[in-house]
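The block underneath contains the structure these notes are about, expressed in structure tokens.
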Amino acid sequence: MTDLETIVSDAKAAFGATTTPADLENAKALFLGKSGRITELMKGMAQLSVDEKKSRGAAINLSKQAIEAALSDRRQALADAELQKQLKAEALDVSLPGRQRAQGGLHPVSLTLERIEAIFGSMGFDVAQGPEIETDWFNFTALNTPEDHPARSMHDTFYVEGGTQAAPNLLRTHTSPMQIRYAVQHVKKHRALIDAGKSNEGAFTGSMPEIRVIAPGRTYRVDSDATHSPMFHQCEGLWIGENVSFKDLKFVFTDFCRTFFESDDLVLRFRPSFFPFTEPSAEIDIQFSSGPLAGKWLEVAGSGQVHPNVVRNMGLDPEKYIGFAFGMGPDRLTMLRYGVNDLRLFFDGDIRFLSQFQN
Ligand code: DAH
């Protein structure tokens, strides 16, 4: 092997051994740099004759070109390898199925509450929210259920810190306290009109705009079986004016039930009952004419004409203001609407069960 052939083969080996562009540039310097082996050979030509210079020069040039070619091949190879590495690291398998984002949905009881609000909203009822931790006054006493009233025993609940022994705080056992809370606010707002005995709002020509409200929300009792959960929902309804009667209750509630269940031939029965805050009082039962529950009477709400003592606690004169109230169970309505017979399923939080009610 001539000295030039050796240099070329050394250069190829040196370049081939490099793994990074920086290494390759260092290797290049050994051959083509200022004091590289080829450069040194060029410098050595100074002593040669003109003819020798020609042939030696041409030979060195060929070797130099061969080294430069090897260098650029290696550069390309390293760049390709780097690209491949990068592509592999950022590999994207376009044949993989797309990542799905789980679609949330409303709880079946929330769907019922929305439905109730929409239907009563269309009848001009306001929707009010109230506290779940109540005072003894709003939950019981103001609703004509004084301490030691036997009706309290059906509303055993959870007492919470806060309040006093004479007026403890408790988890509300029903949404009925919202009757008082809402009415008191309403009366406060319209006190001047009430006192002046005239109204400038709406078509109502009495001394105060009517109270027409529903109050849905969570309620609590010490109770747990297939049809009772310690936390459950209620929706209160209240309509007070100067000439609101039981007849209006019948009309409104029948209309509501038929719309809610999308059944025009659904029938209602008002069964005499007792609640301390209404007189007279009635349980409302419904009966479907078709479907699996056809012919059975199903209780859906308590109701009645608001008791004069309750009207008084609202800040109104019971001689002048009269109306009705009802309290229904949205959980029960949801069970009936979807044909579910165990209430606990709604509150177990099992997505497989809950995802079946998305409409
Ligand atoms: N609050 C009653 C309960 O939980 C239900 C009820 C009955 C509400 C009659 C009313 C009513 O407003 O008039 O059992």
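As the structure lists them, so they are numbered: ligands from 1, and atoms in each ligand from 1. The basis for the numbers below is simple: all heavy atoms, side chains too, and nothing from hydrogens, waters or symmetry mates.
Near Gln179, meaning under 4.0 Å from any of its heavy atoms, are these atoms of ligand 1: 12 (O). Every atom of ligand 1 with a heavy atom of Ser176 under 4.0 Å away is listed here by number and element: 1 (N), 8 (C). Heavy-atom proximity to Gln234, at under 4.0 Å, picks out these atoms of ligand 1: 3 (C), 4 (O). Close contacts between ligand 1 and Thr278 involve ligand atoms 13 (O) [criterion: under 4.0 Å to a heavy atom]. Each of the following atoms of ligand 1 lies closer than 4.0 Å to a heavy atom of Gly304: 13 (O). Applying the 4.0 Å criterion to heavy atoms of Glu236 picks out, from ligand 1, the atoms 8 (C), 10 (C), 12 (O).
At a 3.5 angstrom cut-off on N or O pairs, Ala325 counts as close to ligand 1. When only interatomic distances are considered, the shortest N/O to N/O separation between His155 and ligand 1 does not fall below 3.5 Å.
Heavy-atom proximity to atom 4 (O) of ligand 1, evaluated over Arg221, Met154, Arg172, His307, is greatest for Arg221.
For atom 8 (C) of ligand 1, the closest non-hydrogen atom on the protein side is Gly327 N, 3.3 Å. Summary of contacts: the protein heavy atom closest to atom 2 (C) of ligand 1 is Phe277 CZ, 3.8 Å.
Using modelled atom types, one finds a donor on one side chain and an acceptor on the other under 3.5 Å when comparing Thr227 with Asp225. A donor-acceptor pair shorter than 3.5 Å can be found between the side chains of Thr141 and Arg152. Using a 3.5 Å distance cut-off with no hydrogens or angles, the side chains of Asp80 and Gln84 do not pair a donor with an acceptor.
Arg181 forms a cation-pi arrangement with Phe138, by the criterion of a distance under 6.0 Å to the ring centre and an angle within 45° of the ring axis.
Under the 30°/60° scheme for interplanar angles, the aromatic rings of Phe256 and Phe260 are found to be tilted.
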Dump the intermediate steps for ring-ring contact (aromatic ring centres under 6.0 Å, His included) on Phe326 and Phe120, then the final yes or no.
CA-CA 13 Å; Phe326 58 82; Phe120 278 103; 5.4 Å; yes
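Not a single heavy atom of Phe324 lies less than 4.0 angstrom from ligand 1.
The structure places CD of Gln179 at 4.5 Å from CD of Glu236, a figure rounded to the nearest 0.5 Å.
The number of heavy-atom neighbours closer than 6.0 Å to NZ of Lys54, taken from other residues, nucleotides and ligands shown, is 12 or below.
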